[in-house]
Amino acid sequence: MTDISSPRQYAAPRQRKVRILATLGPASDTRETIAALYAAGADAFRINMSHGDQASKADLVRAIRAIEAETGRPSTILVDLQGPKLRIGTFANGSEMLTVGARFVLDRDPTPGTIDRVCLPHPEIFAVVKPGERLLINDGNIALLVEANDGMRMETVVTVGGKISDRKGVNVPGAVLPIAAMTEKDRSDLAFMLQHDIDWVALSFVQRPEDIAEARKLIEGRAALLAKIEKPQAISRLDEIIDLSDAVMVARGDLGVELPPEAV
């Protein structure tokens, strides 16, 4: 392993075309660990804004830039914005077991859920979902087929059963949701991180080229923009999204929840 402890040590360019992107998290947020990842072959570092506070993310940027200065080899810092999170509410018992064929209701009532119903606090989902469409919960571990939706109450039948619990994520593969890719948290995180010498911004939950245009306007040329393709709706306008982006990422994990593997 290359010793990067001395500022006199120069790390020669790596002779490969593929770049390795390392995501930094609780187990790798110290300068020592980042240095070890860097020496082991990481060319770029992803800072996930879904967890932790802004100050801790600025510390990561400073650590990466300090290692660059010591080695004489540049790195790349990519900031990954969280994007909107769609989640169900809570259950009176914390969780329930749903069986295939059971009836289950999603409604706007904030009362803790039961084996028969739970709150879905997202009017934008009620506004677009039609009977015959699917809802996926907890990364597709639970699948519901919508039979009726009056805007306040959605009646469904369970097609893939299992344990359903508090605040699990909801995917709506069959509809374009009237939600912007950037939340107020994303705008705050973006403004903060653009002050700290980053190279790339990854935009989550892209559905339309308009999502990219909004982010590019806010970035004002201070970083490159990467569109994360994790919604099937983005594929129908992929050419337009590519035209407005500096790069695209096939987010095969999230996209794989809503599409079969062969389609991904």
(message) Quick one, Ile229 with Ile235, criterion side chain to side chain contact (heavy atoms under 4.5 Å, CB included). Give me CA distance, side-chain angles, the key distance, then yes/no.
(response) CA-CA 8 Å; Ile229 306 302; Ile235 297 172; 4.3 Å; yes

(request) Measure the shortest side-chain to side-chain distance between Leu190 and Met182 over non-hydrogen atoms and say whether it is less than 4.5 angstrom. (result) yes

(request) Using the side chain to side chain contact (heavy atoms under 4.5 Å, CB included) rule, take Glu133 and Asn149 through it: C-alpha gap first, then chi angles, then the decisive distance, then the call. (result) CA-CA 11 Å; Glu133 294 183 347; Asn149 174 18; over 6 Å; no

(request) Would you kindly confirm whether Ile64 and Trp200 end up in one hydrophobic cluster when ILVMFWY residues are joined by side chain heavy atoms under 4.5 Å apart? (result) no

(message) Please report the interatomic distance CD(Gln82) to CE(Met49), rounded to the nearest 0.5 Å.
(response) 9.5 Å

(request) Treating Ile, Leu, Val, Met, Phe, Trp and Tyr as nodes and any side-chain heavy-atom pair under 4.5 angstrom as an edge, say whether Val128 and Leu120 lie in one connected cluster. (result) yes

(request) Using a strict cut-off of less than 4.0 Å between a Lys/Arg side-chain nitrogen and an Asp/Glu carboxylate oxygen, indicate whether Arg216 and Asp246 qualify as a salt bridge. (result) yes

(request) Taking all non-hydrogen atoms of both residues into account, name the closest pair between Leu144 and Thr159 and its distance. (result) N-OG1, 4.1 Å

(request) Indicate if Ile179 and Leu203 have the same hydrophobic cluster label, given that clusters are the connected sets of ILVMFWY residues with side-chain heavy-atom separations under 4.5 angstrom. (result) no

(message) Taking the side chain as everything from C-beta on, heavy atoms only, tell me whether Asp189 gets closer than 4.5 Å to Leu81.
(response) yes

(message) If you compare all heavy atoms of Lys228 against all heavy atoms of Ser204, which two are closest, and at what distance to 0.1 Å?
(response) NZ-OG, 3.1 Å

(request) Nearest 0.5 Å please: distance from the CG atom of Leu98 over to the CG atom of Asp116. (result) 9.5 Å

(request) Determine yes or no for a side-chain-to-main-chain donor-acceptor pair under 3.5 angstrom, with Arg117 supplying the side chain and Pro112 the backbone. (result) yes

(request) Could you tell me whether the side chain of Lys85 reaches within less than 4.5 Å of the side chain of Phe205, counting heavy atoms only? (result) no

(message) Just by distance, no angles: are the side chains of Asp186 and Thr183 close enough, under 3.5 Å, to form a donor-acceptor pair?
(response) yes

(request) Considering non-hydrogen atoms only, spot the tightest contact between Ile88 and Val170 and give its length. (result) CG2-CG2, 3.5 Å

(message) Tell me whether Thr30 contacts the main-chain N or O of Thr33 through its side chain, where contact means a donor paired with an acceptor under 3.5 Å.
(response) yes

(request) State plainly whether the residues Glu68 and Arg65 are in salt-bridge range, i.e. N to O under 4.0 Å. (result) yes

(message) To check you understand the geometry: which heavy-atom pair defines the closest contact between Ala227 and Ile241, and what is its length?
(response) CB-CG2, 3.9 Å

(message) Looking at Thr156 and Phe104, would you say the former's side chain and the latter's main chain have a donor-acceptor pair under 3.5 Å?
(response) yes

(request) May I ask you to say whether Glu214 pairs ionically with Arg187, meaning some side-chain N is under 4.0 Å from a carboxylate O? (result) yes

(message) For a 4.5 angstrom cut-off between non-hydrogen side-chain atoms, does Val176 reach Arg208?
(response) yes

(message) Quick one: does any side-chain atom of Gln54 pair with a main-chain N or O of Met193 as donor and acceptor, under 3.5 Å?
(response) no

(message) Tell me whether the count of non-hydrogen atoms from other residues, nucleotides or ligands lying under 6.0 Å of NZ in Lys168 goes above 12.
(response) no

(request) Indicate yes or no for a side-chain donor-acceptor contact from Asp43 to the backbone of Ile20 under 3.5 Å, with no hydrogens or angles considered. (result) yes

(request) Tell me whether Leu225 is reachable from Phe45 by hopping between hydrophobic residues (I, L, V, M, F, W, Y) whose side-chain heavy atoms are closer than 4.5 Å. (result) yes

(request) Supply the atom-to-atom distance Leu244 CG to Glu210 CD, rounded to the nearest 0.5 angstrom. (result) 8.5 Å

(message) Looking at Arg87 and Arg167, would you say the former's side chain and the latter's main chain have a donor-acceptor pair under 3.5 Å?
(response) yes

(message) So Ile47 and Asp80, do their side chains get closer than 4.5 Å, heavy atoms only?
(response) no

(message) Please find the pair of heavy atoms, one from Asp199 and one from Thr76, that lie closest to each other, and give the distance.
(response) OD2-CA, 3.3 Å

(request) May I ask you to decide if Gly25's main-chain N or O and Ser28's side chain share a donor-acceptor pair within less than 3.5 Å? (result) yes

(message) Between Lys57 and Asn48 (side chain of the first, backbone of the second, donor and acceptor by atom type, cut-off under 3.5 Å), is there such a pair?
(response) yes

(request) Verify the cluster assignment for Leu238 and Val206: are they in a single hydrophobic cluster under the rule of side-chain heavy atoms below 4.5 Å apart? (result) yes

(message) Apply side chain to side chain contact (heavy atoms under 4.5 Å, CB included) to residues His196 and Val79 and explain how you reach the verdict.
(response) CA-CA 11 Å; His196 289 84; Val79 168; over 6 Å; no

(message) I'd like to know whether CZ of Arg222 has more than 12 heavy-atom contacts from other residues, nucleotides or ligands below 6.0 angstrom.
(response) yes

(request) Check whether any side-chain heavy atom of Leu37 lies under 4.5 Å from a side-chain heavy atom of Leu24, and answer yes or no. (result) yes

(request) Taking all non-hydrogen atoms of both residues into account, name the closest pair between Glu96 and Phe91 and its distance. (result) CG-CD2, 3.8 Å

(request) Measure the CG-NZ distance between Asn171 and Lys231 for me, rounded to the nearest 0.5 Å. (result) 5.5 Å

(message) A side-chain contact here means heavy atoms from C-beta on lying under 4.5 Å apart; do Leu177 and Leu86 qualify?
(response) yes

(message) Let me confirm one number: the CE-CD1 distance from Met97 to Ile164, rounded to the nearest 0.5 Å.
(response) 10.5 Å

(request) Please answer whether the main-chain N or O of Ser95 pairs with a side-chain N or O of Asn93 as donor and acceptor at a distance below 3.5 Å. (result) no

(message) I want to check something: taking the side chain as every heavy atom from C-beta on, are Leu136 and Pro173 in contact at a cut-off of under 4.5 Å?
(response) yes

(message) Hydrogens and angles aside, do Ser75 and Tyr38 bring a side-chain donor and acceptor to less than 3.5 Å of each other?
(response) no

